[in-house]
Engineer: 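Quick one: the structure is below, questions incoming.
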Amino acid sequence: MVKICCIGAGYVGGPTCAVIAYKCPEVKVTIVDINQNRIDQWNSDILPIYEPGLDEIVKATRGRNLFFSTAVDEAIIEADLIFVSVNTPTKKTGMGAGFAADLAYIEAATRRIAKVATSSKIVIEKSTVPCRTAESMRKILDANSRADINFQILSNPEFLAEGTAIEDLFSPDRVLIGCLDTPEGHKAQQTLADVYAHWVPRERIIGMNLWSSELSKLAANAILAQRISSINALSAICEATGADVDEVGFACGLDSRIGPKFLKASVGFGGSCFQKDILNLVYLSESLNLPEVAAYWQQVVIMNEYQKSRFAARVVKKLFNTITNKKIAVLGFAFKKNTGDTRESAAISLIKYFIQENANIHIYDPKVSVEQIEEDLIYPGIATPEQYAKRINIHQDAYSAAQDADAVIIVTEWDEFKTLDYSRVYENMNKPAFIFDGRLILNHKELKAIGFEVEVIGKVIQ
Ligand code: UDX
Ligand code: ADP
């Protein structure tokens with residue numbers, strides 16, 4: 001029986017290895033984490049992350065061939081393949097602060113493997129890492145392990161998007177497996193390919209060189225984010241000219257060379273990957289003494305920041321240039337629908353602007369907890385504890401958040417926001433009642449007919 005260990009029970013490791021266990025009943029999969037609380041949650045009825053379809057997969061496999069544990073060493077010792085899917089946040093201090101990925105967690109996990117392993121292993125980089133991280137991992141493993149055991153390192157980047165993780169894992173566009181160009185490297189690559197081949201067609205399992213695989217992950221995310229920043233840059237032109245960004249996106253997407261996806265204008269992209277990976281690429285470019293390349297990619301992030309600040313400024317301007325003590329209802333706090341993840345969510349940046357203008361903010365999100373909102377706003381200093389107590393209110397439904405509000409702002413594209421009874425929302429708001437659609441999900445003509453002042457990213461509603 002092949003045994004797999006996954007270090008890191010987060011958004012990547014959890015769903016990925018749960019799906020491997022589901023699709024490969026004869027493989028034993030143990031997901032370990034140093035965070036006891038997280039593991040307890042994975043072993044409970046309420047999983048630590050919300051992802052459509054995940055509950056069913058975990059229920060079907062937990063205790064059968066899927067296990068969640070904090071016994072990291074035991075799981076390493078018995079595994080043949082070890083996925084490393086720990087967090088790699090952007091560094092906050094020191095060299096490369098604000099750009100480079102913090103590899104402390106990767107290094108700690110790698111050192112742990114080297115220290116406790118008693119037999120040869122295949123170690124798989126799953127977390128998004130800077131190009132050539134595998135080289136550092138190899139050095140750490142070789143220098144700290146027993147002489148008689150051998151480690152093969154593979155890069156197998158994850159391309160799942162949150163909210164559709166299970167779908168993405170069930171039918172991936174491609175699975176990349178990078179290895180060193182040695183016979184042992186190719187053998188390890190084959191072993192991992194055989195795991196995926198349980199459910200992924202062989203032609204979608206792509207072998208390549210380790211560094212290409214690492215860079216492909218950063219490149220794919222940077223290109224996707226660039227498309228959003230491109231359409232968002234055009235949305236500003238649309239607002240100024242009367243063009244409609246949905247029509248422009250649609251027209252461009254019909255060109256088969258461009259394609260329709262990731263051309264939806266929005267208040268800005270969020271999530272744990274896009275910004276982090278681009279900044280990573282910027283840092284890599286600078287380290288390689290390629291300042292023009294660095295500036296090129298950095299502009300994608302600058303554009304995203306601009307989109308958020310531009311939207312916030314539009315809210316203030318439309319509300320007669322002041323939102324002091326006005327009530328702003330923020331619908332959605334997650335970085336996109338169908339996830340409770342709030343990392344880099346546009347909601348956080350918008351709320352920062354609104355607090356600085358002394359507005360009162362009323363938030364509702366179907367999947368984000370009160371504790372999470374508090375952590376996101378107080379810990380990074382978006383709101384002081386006093387401002388938080390005075391200005392931030394969290395609601396259990398959209399109607400209550402919008403009660404007596406001056407403006408409703410759609411920040412996340414949750415389906416339930418499309419089907420609210422907007423006449424009821426309007427009745428209970430201050431007049432004139434403003435609605436700002438930061439996600440282009442509403443029927444703007446209908447809202448206008450109800451009586452709303454309607455403001456939309458990338459178009460002018462007549
Ligand atoms: C992304 C990549 O898609 C995935 O392949 C990678 O493994 C991790 O990063 P994720 O961050 O989960 O996944 O979400 P994604 O669906 O890519 O959306 C990212 C952000 O872009 C969200 O805030 C989303 O709302 C926004 N977005 C997306 C737009 O604003 N417009 C679009 O057209 C598409
Ligand atoms: P991602 O979105 O990349 O999955 P998360 O932060 O959701 O990131 O998950 C990473 C997980 O890795 C966290 O639960 C963290 O506790 C865990 N982790 C970090 N370092 C180690 C380590 N050395 N050993 C085991 N687990 C670790």
Side-chain angles (χ1 to χ4, degrees), residues 5-17 31-39 41-42 48-49 51 68-73 75-76 82-89 101-113 126-129 157-165 168-169 172-174 216-218 220-225 227-232 235 245-246 249 253 260-278 304 307-308 332 334-339 341-347 411-414 438-441 457-458:
C5 159
C6 171
I7 305 182
Y11 285 93
V12 172
T16 307
C17 287
I31 306 182
V32 294
D33 203 295
I34 40 178
N35 182 337
Q36 180 74 54
N37 187 26
R38 239 193 184 173
I39 290 300
Q41 288 177 305
W42 279 108
I49 63 179
E51 194 61 67
F68 295 94
S69 158
T70 49
V72 178
D73 293 359
I76 292 174
I82 303 176
F83 284 98
V84 179
S85 40
V86 300
N87 32 338
T88 50
D102 185 347
L103 297 178
Y105 302 98
I106 292 264
E107 179 166 342
T110 310
R111 285 188 184 276
R112 199 75 218 157
I113 298 171
K126 194 65 172 154
S127 327
T128 307
V129 290
E158 192 47 74
F159 291 105
L160 67 82
E162 288 172 35
T164 53
D168 297 342
L169 286 161
D173 290 340
R174 77 307 205 184
S216 297
K217 166 73 193 217
L218 294 185
N221 277 346
I223 292 170
L224 287 171
R227 284 171 67 98
I228 304 172
S229 276
S230 300
I231 199 75
N232 283 346
S235 77
V245 77
D246 267 340
K261 293 181 183 164
F262 275 72
L263 284 180
K264 181 96 179 154
S266 69
V267 58
F269 60 73
S272 69
C273 283
F274 280 0
Q275 177 166 319
K276 184 181 87 173
D277 290 356
I278 296 167
N304 198 46
Q307 186 75 345
K308 293 184 277 185
F335 80 94
K336 66 172 188 177
K337 74 172 180 180
N338 292 338
T339 177
D341 194 353
T342 60
R343 288 178 287 181
E344 307 297 340
S345 176
V411 183
T412 312
E413 72 278 26
W414 284 104
R439 289 289 184 168
L440 298 120
I441 58 167
I457 285 271

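Counting starts at 1 for both ligands and their atoms, following the listed order.
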Engineer: I'd like to check the side-chain hydrogen bond (donor to acceptor under 3.5 Å, both in side chains) partners of Thr164; sequence neighbours left out, ordered by chain and number.
Structural biologist: Asp168

Engineer: Indicate, as side chain, backbone, both or neither, the part of Leu160 found under 4.0 angstrom from ligand 1 when only non-hydrogen atoms are considered.
Structural biologist: backbone

Engineer: Step by step, would you call Ser266 with Asn232 a side chain to side chain contact (heavy atoms under 4.5 Å, CB included)?
Structural biologist: CA-CA 7 Å; Ser266 69; Asn232 283 346; 4.0 Å; yes

Engineer: So, does Trp42 use its side chain to make a donor-acceptor pair with the main chain of Ala9 at under 3.5 Å?
Structural biologist: yes

Engineer: Under 4.0 Å from a heavy atom of Lys264: give me the atoms of ligand 1 that qualify, with their elements.
Structural biologist: 29 (C), 30 (O), 31 (N), 32 (C), 33 (O)

Engineer: Considering only heavy atoms, which of Gly270, Gly271, Ser266 lies nearest to atom 20 (C) of ligand 1?
Structural biologist: Gly270

Engineer: For atom 8 (C) of ligand 1, tell me which residue out of Ala334, Pro157, Ser345, Cys273 has the closest non-hydrogen atom.
Structural biologist: Cys273

Engineer: What protein heavy atom sits nearest atom 12 (O) of ligand 1, and how far off is it?
Structural biologist: Glu162 N, 2.7 Å

Engineer: So, does Arg439 sit close enough to ligand 1 that a heavy atom of it is under 4.0 Å from the ligand?
Structural biologist: yes

Engineer: Return a table of N or O atom pairs, ligand 2 on one side and protein on the other, at distances under 3.5 Å, rounded to 0.1 Å.
Structural biologist:
| unit_1 | atom_1 | unit_2 | atom_2 | d |
| --- | --- | --- | --- | --- |
| ligand 2 | 2 (O) | Arg343 | NH1 | 3.2 |
| ligand 2 | 2 (O) | Arg343 | NH2 | 3.0 |
| ligand 2 | 4 (O) | Tyr11 | N | 3.1 |
| ligand 2 | 4 (O) | Val12 | N | 2.9 |
| ligand 2 | 7 (O) | Tyr11 | N | 3.2 |
| ligand 2 | 7 (O) | Arg38 | NH1 | 3.3 |
| ligand 2 | 9 (O) | Arg38 | NH1 | 3.3 |
| ligand 2 | 14 (O) | Asp33 | OD1 | 3.4 |
| ligand 2 | 14 (O) | Asp33 | OD2 | 2.6 |
| ligand 2 | 14 (O) | Arg38 | NH1 | 2.7 |
| ligand 2 | 16 (O) | Asp33 | OD1 | 2.6 |
| ligand 2 | 26 (N) | Ile34 | N | 3.4 |

Engineer: Do Lys126 and Glu158 sit within salt-bridge range, that is, some charged N less than 4.0 Å from a carboxylate O?
Structural biologist: yes

Engineer: Strictly distance-based, threshold 3.5 Å: is any side-chain N or O of Gln307 a donor or acceptor partner for the main-chain N or O of Ser229?
Structural biologist: no

Engineer: Taking distance alone, with no angle check, do Phe274 and ligand 1 share an N/O pair under 3.5 Å?
Structural biologist: no

Engineer: Examine the proximity of ligand 1 to Thr339 and report which part, side chain or backbone, both or neither, has a heavy atom under 4.0 Å away.
Structural biologist: neither

Engineer: Considering only protein heavy atoms, which is closest to atom 5 (O) of ligand 1, and at what distance to one decimal place?
Structural biologist: Phe159 O, 2.8 Å

Engineer: Any heavy-atom pair between the side chains of Lys217 and Val129 that's under 4.5 Å?
Structural biologist: no

Engineer: Any donor-acceptor pair under 3.5 Å linking the side chain of Arg343 with the backbone of Gly271?
Structural biologist: no

Engineer: Which donor-acceptor pairs under 3.5 Å do side chains of residues 103-113 form with protein atoms, sequence neighbours excluded?
Structural biologist:
| unit_1 | atom_1 | unit_2 | atom_2 | d |
| --- | --- | --- | --- | --- |
| Glu107 | OE2 | Arg111 | NE | 2.9 |
| Glu107 | OE2 | Arg111 | NH2 | 2.9 |
| Thr110 | OG1 | Ile106 | O | 2.6 |
| Arg112 | NE | Asp73 | OD1 | 2.9 |
| Arg112 | NH2 | Asp73 | OD1 | 3.4 |
| Arg112 | NH2 | Asp73 | OD2 | 2.7 |

Engineer: Among all the protein's non-hydrogen atoms, which is closest to atom 2 (C) of ligand 1, and how far away is it?
Structural biologist: Asn221 OD1, 3.4 Å

Engineer: Is Asp341 close to Tyr11 at the side-chain level, that is, under 4.5 Å between some pair of heavy atoms?
Structural biologist: yes

Engineer: If you have a sec, work out which protein heavy atom is nearest atom 16 (O) of ligand 1 and how many Å separate them, to one decimal?
Structural biologist: Lys336 NZ, 2.7 Å

Engineer: For Lys217, state whether at least one heavy atom is located under 4.0 Å from any atom of ligand 1.
Structural biologist: yes

Engineer: If the cut-off is 4.0 Å to any non-hydrogen atom of Glu158, which atoms of ligand 1 fall inside it?
Structural biologist: 7 (O)

Engineer: For Arg227, check side-chain hydrogen bond (donor to acceptor under 3.5 Å, both in side chains) against everything at least two apart and list the hits.
Structural biologist: none

Engineer: Mind checking whether Glu344 and Phe335 have side chains closer than 4.5 Å, heavy atoms only?
Structural biologist: no

Engineer: So, is Ile228 polar-close to ligand 1, with some N/O to N/O distance under 3.5 Å?
Structural biologist: no

Engineer: Among all the protein's non-hydrogen atoms, which is closest to atom 11 (O) of ligand 1, and how far away is it?
Structural biologist: Phe335 CE1, 3.6 Å

Engineer: Are any side-chain N or O atoms of Glu51 and backbone N or O atoms of Gly163, one a donor and one an acceptor, separated by less than 3.5 Å?
Structural biologist: yes

Engineer: Contact between Asn87 and Ser127 at the side-chain level, heavy atoms closer than 4.5 Å - yes or no?
Structural biologist: no

